[in-house]
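Worksheet for the structure shown next.
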There are 2 protein chains.
Amino acid sequence: MYEPATTEAFAEERLDLGHLKQHLGYFVRRLQITIFKDFIRELAPMRLRPAQYSVLLLIEANPGSSQAAIGRALGIERARLARLLHDLEERLWVERRSDSSDGRSHALFLSREGVKALARSKKLAARHEAYMTELLGGECRTALLQLLRTAGNRLNSPA
Amino acid sequence: MYEPATTEAFAEERLDLGHLKQHLGYFVRRLQITIFKDFIRELAPMRLRPAQYSVLLLIEANPGSSQAAIGRALGIERARLARLLHDLEERLWVERRSDSSDGRSHALFLSREGVKALARSKKLAARHEAYMTELLGGECRTALLQLLRTAGNRLNSPA
DNA sequence: TATTGTTATACTCTATAACTATA
DNA sequence: TATAGTTATAGAGTATAACAATA
């Protein structure tokens with residue numbers, strides 16, 4: 001009657017997610033963890049975490065921005081951003097210059113080294129994206145990206 | 001020429017996300033944070049975090065499961081799950097009984113109080129889902145849920 | 001040897017509060 | 001008074017390693 005085999009198979013069987021299957025947050029969280037783990041693994045040679053990478057990209061796209069503006073755009077608390085930038089400044093990748101028009105603000109720029117480091121990081125990030133695309137399938141990834149942008153717009157526009 | 005107004009508007013303008021717009025992980029992370037914040041806010045009366053809630057749901061759907069099985073299903077490290085369950089056991093919501101067939105395992109069950117607490121929590125979680133649906137739009141939410149489940153299956157099936 | 005569960009440690013991220021200096 | 005930036009602290013989540021008990 002294959003009882004032993006059946007028992008073993010049962011032991012390996014996936015558990016029922018139950019009511020969790022109805023929760024968007026559960027699937028979003030699992031996907032986010034998977035993506036970040038792979039990103040962190042791929043970017044490990046640059047010792048760059050996702051938040052640090054996102055800050056570099058925003059400074060690149062918006063040179064001279066204040067810490068407050070970067071923090072608002074990325075949803076990073078100013079206290080945390082201050083320490084994060086301190087680290088990037090120590091690596092000589094980011095420069096904080098005092099803003100002439102507002103003595104409280106720092107204007108942020110990438111240094112030459114920062115530009116080079118970001119270029120290397122982008123190549124690793126592209127490998128990460130390629131691997132995720134391979135796992136998810138190109139159509140699935142594209143559809144997800146589209147939907148998530150829409151969701152982001154709807155969640156942030158009223159604010 | 002409206003120069004002052006233009007300057008003010010520019011100061012309030014959203015920054016360019018730059019290359020970040022190409023990264024699935026960025027949008028997934030932002031959505032996950034938004035959803036979890038609302039969940040935590042709504043479930044605050046139960047002092048229940050997302051991970052704790054997911055564990056309760058899995059025990060409900062799979063009574064008698066071991067900690068190892070629950071941890072594998074949810075991707076929670078056994079070390080963390082041990083402390084998480086210790087807390088739920090202290091509240092008298094979860095019971096850990098020794099498994100007769102395997103002396104190493106604990107079989108997990110909801111207590112009567114646990115069942116009641118979970119029922120109350122589900123009502124709050126439903127309010128959270130309703131609010132998120134309101135923000136995202138029902139069609140967007142349904143499409144997202146569908147896509148995220150597909151993504152989850154593709155990411156977990158090879159493992 | 002491998003697995004289950006526990007304890008402990010360290011690091012990241014998040015959330016506050018308190019403080020300064022500027023506006 | 002409000003904002004920009006800094007520092008400090010505490011809590012949650014994650015990743016390890018080490019250990020005892022059991023398989």
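Below, chain A is the first sequence line, B the second, and so on; all start at residue 1. All figures in this text were calculated on a predicted structure; none of them were measured in a lab.
- Nucleic acid contact class of B:H106 (heavy atoms, under 4.0 Å, all strands): sugar-phosphate only.
- Across D:dG13, C:dA15, D:dG5, the shortest atom-to-atom separation from the side chain of B:K37 is found for C:dA15.
- The distance between atom CZ of B:R78 and atom P of D:dG13, rounded to the nearest whole Å, is 19 Å.
- A:Q52 has its CD atom 10 Å from the C1' atom of C:dT12, to the nearest Å.
- Note on A:E77: a base of the nucleic acid sits closer than 4.0 angstrom, heavy atoms only.
- Contact check, B:R29 against C:dT14: a side-chain N or O comes under 4.0 Å of OP1 or OP2.
- Atom C1' of nucleotide D:dA12 and atom CD1 of B:I40 are separated by 9 Å, given to the nearest angstrom.
- Looking at heavy atoms from C-beta onward, A:M46 lies in side-chain contact with A:R120 at the 4.5 angstrom threshold.
- Per the geometry, CG belonging to A:L84 stands 10 Å off P belonging to C:dT14, to the nearest Å.
- The shortest distance between the side-chain N/O atoms of A:Q67 and the OP1/OP2 oxygens of D:dT6 is below 4.0 Å.
- The backbone N or O of B:A107 lies less than 3.5 Å from no partner atom in the side chain of B:S66, so there is not a single donor-acceptor pair.
- Among the heavy atoms of the strands lying under 4.0 Å from A:I33 are primed sugar atoms or P, OP1, OP2 only; no base atom is included.
- Residues A:T142 and A:Q146 fail the side-chain proximity criterion, which asks for heavy atoms closer than 4.5 Å.
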(message) Please evaluate residues A:E95 and A:E89 with respect to the criterion side-chain contact (heavy atoms from CB on, under 4.5 Å), reporting the C-alpha separation (whole Å), side-chain torsions for both, the decisive distance (0.1 Å), and the verdict.
(response) CA-CA 6 Å; A:E95 294 173 8; A:E89 201 178 22; 6.0 Å; no
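- Listed candidates were C:dT4, C:dT7, D:dG5. Nearest to the side chain of A:A68 is D:dG5.
- When the nearest nucleotides of DNA chain C are assigned to A:G75 and A:R104 by heavy-atom distance, the more 5′-ward of the two goes with A:G75.
- Here D:dA4 presents its C1' atom at 12 Å from CG of A:L108, a figure rounded to the nearest Å.
- Side-chain atoms of B:R49 lie closest to D:dA12 of the nucleotides D:dA12, D:dT6, D:dT9.
- Shown here for A:E42 and A:L124, the closest heavy-atom pair between the two residues is CG-O, 3.2 Å.
- For C:dT14, one of the phosphate oxygens OP1 or OP2 lies less than 4.0 angstrom from a side-chain nitrogen or oxygen of A:R80.
- Rounding to whole angstrom units, CD of residue B:E89 and C1' of C:dT6 are separated by 13 Å.
- Counting to the nearest Å, the C1' atom of D:dT6 and the NE2 atom of A:H86 are 11 Å from each other.
- Residue contacts for B:I76: at a heavy-atom cut-off of 4.0 Å it reaches no nucleic acid atom on any strand shown.
- Distance from the side chain of A:R83 is smallest to D:dT9 among D:dG5, D:dA18, D:dT9.
- Taking atom CG on A:L85 and atom C1' on D:dA4, their separation rounds to 13 Å, with Å as the unit.
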